[in-house]
Amino acid sequence: MGYTRFEDLPVWKDAIQLADRAFKLCDDRSFNYQGDLRIQLTRAGLSIPNNIAEGFEWRSTKALLHSLKLARGSAGEFRSMLYVIGLNERYGHLEEKRSDLMDRANSIGRQLNRWMESLRRAAGAAEHS
């Protein structure tokens with residue numbers, strides 16, 4: 001089934017939920033005076049759905065693939081910061097939330113990989129027809 005709006009894409013919906021949960025995580029008092037970490041984590045979380053939306057709106061496979069790569073990179077950046085949070089005892093009480101975010105970010109990365117592979121296969125098939 002082809003999608004006509006990015007708002008209907010399951011991976012975009014998952015990414016929006018991830019961004020929302022990142023903001024909620026950063027509302028915790030442990031992030032007081034942790035401005036750079038809070039800003040970077042929320043920006044990376046926002047970058048994922050924003051890149052998906054931007055690429056989708058370009059209506060070009062090449063532009064979409066580029067934007068999906070950026071979204072996947074932001075998901076990696078997001079996970080990297082979650083690892084740092086996991087190493088710091090200041091955030092120990094947030095482990096369950098951190099683990100949930102990690103699982104969600106990994107799932108989004110896998111969805112993006114599958115979509116990118118599908119786009120590449122379709123583009124390759126179109127070249128050979």
[X]: what forms a side-chain contact (heavy atoms from CB on, under 4.5 Å) with it, not counting sequence neighbours?
X	value
L70	N51, H66
K69	R72, M116, R120
L18	I48, F78, L101, R104, A105, I108

Do the non-hydrogen side-chain atoms of [X] and [Y] ever get within less than 4.5 Å of each other?
X	Y	result
F56	D8	no
W115	P10	no
L37	M81	yes

Is E117 salt-bridged to R114, cutoff N-O under 4.0 Å? no
Do you know which two heavy atoms are closest between S47 and S74, and how far apart they sit? OG-OG, 2.8 Å
C26 to L41 - nearest heavy-atom pair and separation: SG-CD2, 3.7 Å
How far does [atom1] of [X] sit from [atom2] of [Y], to the nearest 0.5 angstrom?
X	Y	atom1	atom2	answer
K97	I85	NZ	CD1	12.0 Å
F31	T42	CZ	OG1	9.5 Å
W12	I52	CH2	CD1	9.5 Å
L87	L82	CG	CG	11.0 Å
T61	L65	OG1	CG	6.5 Å

Treating Ile, Leu, Val, Met, Phe, Trp and Tyr as nodes and any side-chain heavy-atom pair under 4.5 angstrom as an edge, say whether Y3 and L112 lie in one connected cluster. yes
Provide the full list of salt bridge (Lys or Arg N to Asp or Glu O under 4.0 Å) pairs with a residue in residues 36-60, sequence neighbours left out, each pair given once. none
Clusters formed by hydrophobic residues whose side-chain heavy atoms approach within less than 4.5 Å: which one holds F23, and what are its other members? L46
Quick one: which residue pairs count as a side chain to side chain donor-acceptor pair (under 3.5 Å) with a foot in residues 80-93, not counting sequence neighbours? D28-H93, S30-H93
Answer yes if the side chains of E95 and S99 hold a donor-acceptor pair under 3.5 Å, and no otherwise. no
Donor-acceptor check, side chain of D20 to backbone of I16, threshold 3.5 angstrom: yes or no? no
